Amino acid sequence: MAGDPVDTPVIVPASEGCFVRQAIDNMGWCDMGDYILVVDALEDAPLESEVVAAIAETVGDKPVGFVLNTHTHYDHVSLNEAFVRRFGAEIVNQRTTTIEPEGRFFQSPGREVRMIPMPGCHTREDCVIWAPNDRVLFVGDIFGWGLIPSGSLLTAELRTLLRDTYQRLIDFDAKIVVPGHGPVCGTAELVRWVEYFDWLLETVAALTAAGKNDDEIRVSVTPPEDMLDWWRFVAWKHADALGKVLTSASRGVLDD
Ligand SMILES: [Zn+2]
């Protein structure tokens, strides 16, 4: 796609000492003084030397002490093995480790990083990583530039979980929000997604009640004007989200 902002990976300084390698698959790292803490580990193992060089260039030649995976889908864990092999890094994710609901804390002089479980929106393992001094929040695939993060039917229980989880994310009041994929954003996009989600649910319910079929609904529910520039939204994510809502409507779970 012409002009796709992530065609070329870029290193985004999220704060003094925290960086994001922004691409189709995102990862980040924070300088913890004696060591580096990495968040997520990409899909492509051959990127190892490029990533290790980018880390050293931005925060110095220090060992990677921890790799935190927001979840363990294949496109978030490929370099785990490289960080273990090179630095003896500890891998932390909810597949291999129990993380208490209040989170796991990583401290250094001047910086704190918290890994907080927020399961159920995308996978049962979902965690977010919050750096309060930096006001940087890594949300993994809970935010997907318009995607509904779960593949499950949108039951009342799941809808509540999605809204409650998003409210927790919004309440951090992060300056920089790092999704698992695509451009970094801010808290405003999280707020907008919840509005969009509720609008999709209400609009589809109203059109279904008015006797419209799925094809008619697909034609009439067009992407909102202010979201046309969201990453891969018009070409992909809006139709995907609408499809999930239509499937849930046809199974009757939206009436609960
Ligand atoms: Zn994922």
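The structure displayed is predicted, hence computed values, not measured ones. One-based numbering, in listed order, for ligands and for the atoms of each.
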With a cut-off of 2.8 Å, does Asp141 place any N/O/S atom under that distance from the Zn ion (ligand 1)? yes
N, O or S of His71 under 2.8 Å from the Zn ion (ligand 1): yes
Need the atom name: nearest N/O/S atom of His73 to the Zn ion (ligand 1). ND1
Less than 6.0 Å separating the ring centroids of Trp130 and Phe172? yes
Are Asp34 and Lys62 close enough for a salt bridge, meaning some N to O gap below 4.0 Å? no
Identified side chain to side chain donor-acceptor pair (under 3.5 Å) counterpart of Gln167 within the set Asp164, Asp171, Thr165: Asp171
Kindly assign one of parallel, tilted or perpendicular to the pair His71 and His73, based on the angle between their ring planes and the thresholds 30° and 60°. perpendicular
